Amino acid sequence: MQDISLHILDIIENSVRAKASLIKIEIIREMMRNELIFIIEDDGIGMDYNTLESAQNPFYTSKLERVKKVGLGIPLFKQNAEMCNGRFELESELGKGTKLMAIFQYDHIDRMPLGNMKDTFVGSIIGHPEVDFDIVLKNIELDGTVDEFIFSTREIKKELGDIPLSYPDVMTFIDQLMEEGIKKIKMEEF
Ligand SMILES: Nc1ncnc2c1ncn2[C@@H]1O[C@H](COP(=O)(O)OP(=O)(O)OP(=O)(O)O)[C@@H](O)[C@H]1O
Ligand SMILES: [Mg+2]
């Protein structure tokens with residue numbers, strides 16, 4: 001993986017495959033702690049204890065269709081976070097959902113760039129209109145100043161009424177909203 005947005009995309013796809021109806025994503029730059037934090041939570045089918053343990057090791061997958069019989073998404077994300085003096089936590093409950101947290105040392109020399117989060121978000125939202133997304137982006141500066149951007153497809157759907165998310169103007173609207181949010185919290189700097 002060349003950037004963190006590809007990890008996020010993989011985690012979102014895992015949640016979608018787990019039949020999540022709501023995916024919550026939080027990205028926080030915490031300058032006082034020098035951390036870049038990713039929290040992704042879904043209300044999908046969840047994992048039992050064995051699957052949860054296996055998922056954190058390479059070579060486990062429940063995908064049937066695959067040729068290479070390995071699941072690498074989670075282990076690689078974990079490895080990258082830990083390599084950057086960070087942490088990785090995965091919690092799951094069968095029938096309830098799954099929560100993942102990855103923390104990177106923000107200024108670690110090996111930390112990969114964030115990548116194009118806007119396209120990752122917009123692509124996931126448009127690509128999975130049946131799934132709702134709650135996105136919270138936060139920037140906490142050294143002096144404690146907090147900038148926050150909150151986005152919810154449920155709110156947008158409420159406003160849209162009968163107009164589907166796939167409607168071209170809606171896509172443009174979501175794209176612009178996301179771009180403004182990213183600017184507001186200075187995520188280009190992350
Ligand atoms: N959010 C989730 N809910 C339920 N099960 C999950 C979730 N995320 C991962 N899993 C389980 O963990 C396995 C490993 O996930 P991982 O992303 O590492 O590999 P993969 O998705 O199978 O393959 P790859 O990501 O390499 O294409 C999945 O096959 C699935 O069984
Ligand atoms: Mg995966």
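Remember, predicted model here, so these are calculated numbers, not experimental data. We number each residue from 1, following the sequence as shown. Atoms within each ligand, like the ligands themselves, are counted from 1 in listed order.
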Handout entry: Chi angles and distances behind the side-chain contact (heavy atoms from CB on, under 4.5 Å) call for Val170, Ile174
Key = CA-CA 6 Å; Val170 175; Ile174 293 175; 4.0 Å; yes
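In summary, the atoms of ligand 1 found under 4.0 Å from a heavy atom of Pro75, numbered by their order in the structure, are 18 (O).
Of the polar atoms of Asn14, at least one N or O is found under 3.5 Å from an N or O of ligand 1, judged by distance alone. For ligand 1, one of its N or O atoms has an N or O atom of Gly73 under 3.5 Å away. Between Ala18 and ligand 1, no pair of N/O atoms sits closer than 3.5 Å.
Of all the listed residues (Ile74, Leu90, Asp42), Ile74 holds the heavy atom that lies closest to atom 18 (O) of ligand 1. The nearest non-hydrogen atom to atom 12 (O) of ligand 1, considering only Ser15, Ala55, Gly97, comes from Ala55.
A side-chain contact (heavy atoms from CB on, under 4.5 Å) with Phe149 is found for one member of Ile185, Ile182, Ile27, Asn139 and no other, namely Ile185.
Atom NZ of Lys24 has 12 or fewer neighbouring heavy atoms from other residues, nucleotides or ligands inside a 6.0 Å radius. In this structure, Ile109 places its CD1 atom where only 12 or fewer heavy-atom neighbours from other residues, nucleotides or ligands lie under 6.0 Å away.
By the 4.0 Å heavy-atom criterion, Glu13 is excluded from the residues contacting ligand 1. Residue-ligand proximity: Gly44 is placed with every non-hydrogen atom at 4.0 Å or more from ligand 1.
Panel note: side chain Asp43, backbone Leu22; a donor-acceptor pair is recorded below 3.5 Å. The backbone N or O of Ile103 lies less than 3.5 Å from no partner atom in the side chain of Arg87, so there is not a single donor-acceptor pair.
The atom of Asp10 that is an N, O or S and sits closest to the Mg ion (ligand 2) is OD1.
Residue contacts to the Mg ion (ligand 2): Glu13 brings no N, O or S atom closer than 2.8 Å.
One hydrophobic cluster, built from ILVMFWY side chains closer than 4.5 Å, holds both Phe88 and Met47.
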